[in-house]
Each structure stands twice: as C-alpha cells, then as structure tokens.
Number of protein chains: 2
Amino acid sequence: MPARPKTSDAEIIDATRALLEAQGRDGFSMAEIADAVGVRTPSLFSRFASRAALLDRVELALWAALRRELEAAATPSRLIKKPLEGLSAQGRAYRAFAKANPNGYALMFDPRASQTAEGAAVRGAALAPCLPGFVALVGEDKALAAARVLTPFLHGFVSMELSQAFRLGGGIDAAFETGLDAILSGLLTWRRSP
Amino acid sequence: MPARPKTSDAEIIDATRALLEAQGRDGFSMAEIADAVGVRTPSLFSRFASRAALLDRVELALWAALRRELEAAATPSRLIKKPLEGLSAQGRAYRAFAKANPNGYALMFDPRASQTAEGAAVRGAALAPCLPGFVALVGEDKALAAARVLTPFLHGFVSMELSQAFRLGGGIDAAFETGLDAILSGLLTWRRSP
DNA sequence: ACCTGAACACCGTTCAAGT
DNA sequence: ACCTGAACACCGTTCAAGT
C-alpha cells in the first residue's frame, strides 16, 4: 500500500528555487527545503539523487523560464521585420531576467553543473528565440557567429554587473544600452562583408 | 613563548589555490588544506576567520595574477602605438588565463565574494593595464565606455566557454577571434562619432 | 603568537521499517 | 511508491591548554 505523496517534484523544485534566490546557493539546507514542502528531509532523496541533482533540475527550470522571457520580448515576425529592435528588446529582457534572479542566474552558468544530454538540450534551446533575429540581421550563414558576439556580451555584462565589477560609476543602464547598440550596429555591417 | 610557525598565510593561500583548481570550489576541505601545509585544521582559523575569508584571499591572488598576465601581454607603449594589436593580445591573454585556471576564474566572478574595500581595489586594478589601449583607441572621454563593451565580451565568452555553453560546434578559437575583431573594429569607429 | 586535541552543531546521505 | 526516525560520516568552527 503506497504512502500518499505529500508533495511533488515540481513543488520541491519551486521551493528550492525560492530558497536559492532568498539565501544564495549555499545558504540553505535540504532540511529547509523539506520544511518548505511539508516533508522530512530523507523523503527528498527518494525523488532526487542528491542536492546537486536537485540543483541541476532547478537550473533547467531557470533556463526554461529565461526562454519564455525571450519569446515574450520579441515575436519571430518582429525579429524578421526589425531585427535591431527585436534583438535589443531581447537583450533588455535577458538583463532584466538576470537582475530579477541573481542567484539563479549564477547557478545557470556554474561550471559545476552536471553535463547530461537533457540539460544540454534545454540550455541550448534557451537562446533559440533570438535566432530569427540573427538570421535577419546578418544572414543565415553568419547567424551563429553573430550570436557568439552578442550573447557573450549580454552574459558578460550582467555577470559583471551582478558581481559588482563595474565600480567606476557612470550610469550602468546607459553603459548597457551603449554596448548593445555598438555591437548590434557593428554586426549590421556583416551583411555584405565576408 | 611563541610556538614556531609551521607555515605562512602565503603558503596556505597557494595550497588552497592548487586544491581549488584540482578539485573545484567545494571539492576540498579545510582538513585537506591543513594537510597540504603540514598543520592541523584548527590552526588555519588563527590565520583566516573562515573558509569564506580564505577563499576571498585566494580570489584576490588570482586577480593579481591576471593583472600580471595582462601587463605581460602588451606594454603601455605598444598599446599607445598599436591599440588594436595590443588589446587583441591582452584579450587572448585574458582568455588563456581563464582556461588555465577555470575553477579559479569562476571564483573571481562568484557573487558570494565579500565586498571589502581592499578587494574592490584589487579587482578594479586588474584591468588597469588595458586602459592605455582604450584611451588610444577611442580617446580619453570614451575609454571607460569602450572598456565596458570589450571586457564584458571577454568575460562572457570565456565564462560561456568554460560552462560548455557553445554546444553548436564550429571552431571556438575562430569564434573568439571573430568576436574580438568585430568589437575592436566597431570601437574604432567611435573615434569621430559621438 | 601560533599550535594542538577534543568537542560541538550542522549537514548530506543511507537504510530499515512503516503504510 | 513514498514516507519516516534513527543513524553515519564528514565538515566548519570553537575553545581551553600547551609552548
């Protein structure tokens, strides 16, 4: 006779994500997660092999959430018609997501994440909503190369911002807009040149 | 009568840095550090307030090491005469440093670092060796803004590379060179325009 | 001033037993 | 199948005592 489930994988992942954001990656214990979902600590291990495995699932949930934000920021048709505007909007949405989930964002780029095939797929799919914009901006053959200029800038900027690396003052919002514009207009010149 | 010191702060920091690189941020214990320097675990706490404080010191040592690499990659006079070449060389040195110290590099941008005044100073000084290049490239008034385009790209690129974010194949070395060139030549157009 | 052994509280994880 | 209490090994940290 099975014991009645008191919680679910999804509820545990949500509770962990909330604790992560509130307390930081090592600011909470399995016991606190268990408390949050009304269960005793060992029960978590019948659903997740380890704390690390649970954090991996949280990370995938965050990548999926980022994907949704990017989709909401610009539709494919807008990206095709006005790639500069569309990609700028997605860039701002990307930064907003990182600033709204700083501890989660750090987890998403933590090199300790286990490299499962499913994980790689979810991570890879997260930036897919931007691809039509790159294709429209520089053409199909250069879209990947263009993505590998803009996305490192986006990640690097927000990562540095979150780790307080911009200490020389000056408007950080303005610096972000300047950088975004500079890179996008630079990519625009790729249309013709090799 | 003082007990003879068996080790030193510097030796402990070096041993911790080695363990960090070999085993990852939470792959080693205070006991292993103590073993490595020939001391018992509690002795470490008479020198460093906590594991976190010791990791902070390791982080500062890494920033200082990065600074030395950047200084070695291009002299101020070369940066002034040939800013494109000089900054490219520093960009490559930056990436090489990150790839040679992947776990250390992750620590340098870990948002958990304590924000001491000394720490901020050391971190801030690390990229100073690049400044003459930015001044030569775009002029004094735009140097900071230019740095806030290139350095996020550098950090973002190597951070994504280290967390295996470039899964769509294609030469990653070539992508780095392409991005570096695109951004530097884009910045070059700032010389005249506002 | 720096070292040590002993102790403490906490934590991730396992396991046998319950339903 | 999922839950639980009890137990285990390990870890960061404290402390009183040694020199």
Side-chain angles (χ1 to χ4, degrees), chain A residues 1-61 103 106-107 110-114 116, chain B residues 1-60 103-104 106-107 110-114 116:
Chain A
M1 213 165 303
R4 284 275 185 66
K6 294 180 163 182
T7 182
S8 65
D9 287 17
E11 192 190 16
I12 293 166
I13 291 168
D14 281 354
T16 306
R17 184 175 161 182
L19 280 165
L20 168 71
E21 213 44 76
Q23 327 253 115
R25 155 138 203 180
D26 32 51
F28 63 94
S29 62
M30 295 296 277
E32 282 176 80
I33 303 171
D35 265 4
V37 301
V39 118
R40 301 290 177 171
T41 310
S43 300
L44 300 175
F45 290 89
S46 62
R47 295 172 174 278
F48 302 95
S50 63
R51 186 182 202 269
L54 172 52
L55 284 177
D56 278 346
R57 294 287 299 277
V58 172
E59 192 210 333
L60 295 194
N103 284 314
L107 182 69
D110 196 312
R112 281 170 287 189
S114 71
T116 69
Chain B
M1 213 164 302
R4 283 276 185 64
K6 294 180 162 182
T7 181
S8 65
D9 287 16
E11 191 191 17
I12 293 167
I13 290 168
D14 281 354
T16 305
R17 184 175 162 183
L19 280 165
L20 168 72
E21 214 44 77
Q23 327 253 114
R25 154 137 203 180
D26 31 51
F28 64 94
S29 62
M30 296 296 278
E32 283 176 78
I33 303 171
D35 265 4
V37 301
V39 116
R40 302 291 177 169
T41 310
S43 300
L44 300 176
F45 291 88
S46 61
R47 295 173 174 278
F48 302 94
S50 63
R51 186 181 200 269
L54 172 51
L55 284 176
D56 278 346
R57 294 287 299 276
V58 171
E59 192 210 333
L60 295 193
N103 284 314
L107 182 69
D110 196 312
R112 280 170 288 189
S114 71
T116 69

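Here the structure is a predicted model, which is why all the values come from computation and not from measurement. Numbered from 1 within each chain, the chains take letters A, B, ... in sequence-line order.
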**Complete:** Rounded to whole Å, the CD1-P distance (I12(A) to dC2(D)) equals 10 Å

**Fill in**
Those residues at least two apart in sequence (or on a different chain) that pass side-chain contact (heavy atoms from CB on, under 4.5 Å) with E11(B) are T7(B), S8(B), V37(B)

**Prompt:** Which nucleotide sits closest to the side chain of S46(A): dG5(D), dT4(C), dC2(D)?
**Reply:** dC2(D)

**Message:** Expressed as a whole number of angstroms, how long is the span from L44(B):CG to dG5(C):P?
**Reply:** 13 Å

**Pairs touching residues 34-47 of chain A that satisfy salt bridge (charged side-chain N to carboxylate O under 4.0 Å, His left out), sequence neighbours left out** = D9(A)-R47(A)

**Phosphate contact (dC3(C) OP1 or OP2) by R47(B) side-chain N/O below 4.0 Å** = yes

**Asked** Based on Watson-Crick and G-U pairs with both distances under 3.5 Å, what dot-bracket line describes DNA chain D 5' to 3', crossing pairs as [ ] and inter-strand pairs as |?
**Response** ||.|||||...|||||.||

**Item:** Integer-rounded Å distance: dA1(D) P and D9(A) CG
**Value:** 14 Å

**Request:** For E59(A) and A113(A), work out which heavy atoms get closest and say how close.
**Result:** OE1-CB, 3.3 Å

**Prompt:** Over how many whole Å does the gap from R4(B) atom CZ to dT4(C) atom P extend?
**Reply:** 14 Å

**Prompt:** Of all residues at least two apart in sequence or in a different chain, which pass the side-chain hydrogen bond (donor to acceptor under 3.5 Å, both in side chains) check with D56(A)?
**Reply:** S114(A)

**Request:** Indicate, with a heavy-atom threshold strictly under 4.0 Å, whether S8(B) touches base, sugar-phosphate, or nothing.
**Result:** nothing

**Request:** Test the R51(A)-F28(A) pair against the cation-pi criterion, namely NZ or CZ under 6.0 angstrom from the six-membered ring centroid and within 45° of the ring axis.
**Result:** yes

**Under 4.0 Å protein heavy-atom contacts per nucleotide of nucleotides 11-17 of chain C, with B for base, S for backbone only and - for none** = SSBBB--

**Request:** Using the test side-chain contact (heavy atoms from CB on, under 4.5 Å), find all partners of L60(A) that sit at least two apart in sequence or belong to another chain.
**Result:** E118(A), V122(A), R123(A)

**Prompt:** If you measure from CZ on F48(B) to OG1 on T16(B), what distance do you get to the nearest 0.5 Å?
**Reply:** 7.0 Å

**Prompt:** Can you name the residues that form a side-chain contact (heavy atoms from CB on, under 4.5 Å) with A31(A), not counting sequence neighbours?
**Reply:** S29(A), T41(A)

**Prompt:** OP1 or OP2 of dT4(D) less than 4.0 angstrom from a side-chain nitrogen or oxygen of S43(A), does that happen here?
**Reply:** yes

**Sequence neighbours excluded - salt bridge (charged side-chain N to carboxylate O under 4.0 Å, His left out) pairs with any residue from residues 20-29 of chain A** = R25(A)-D110(A), D26(A)-R112(B)

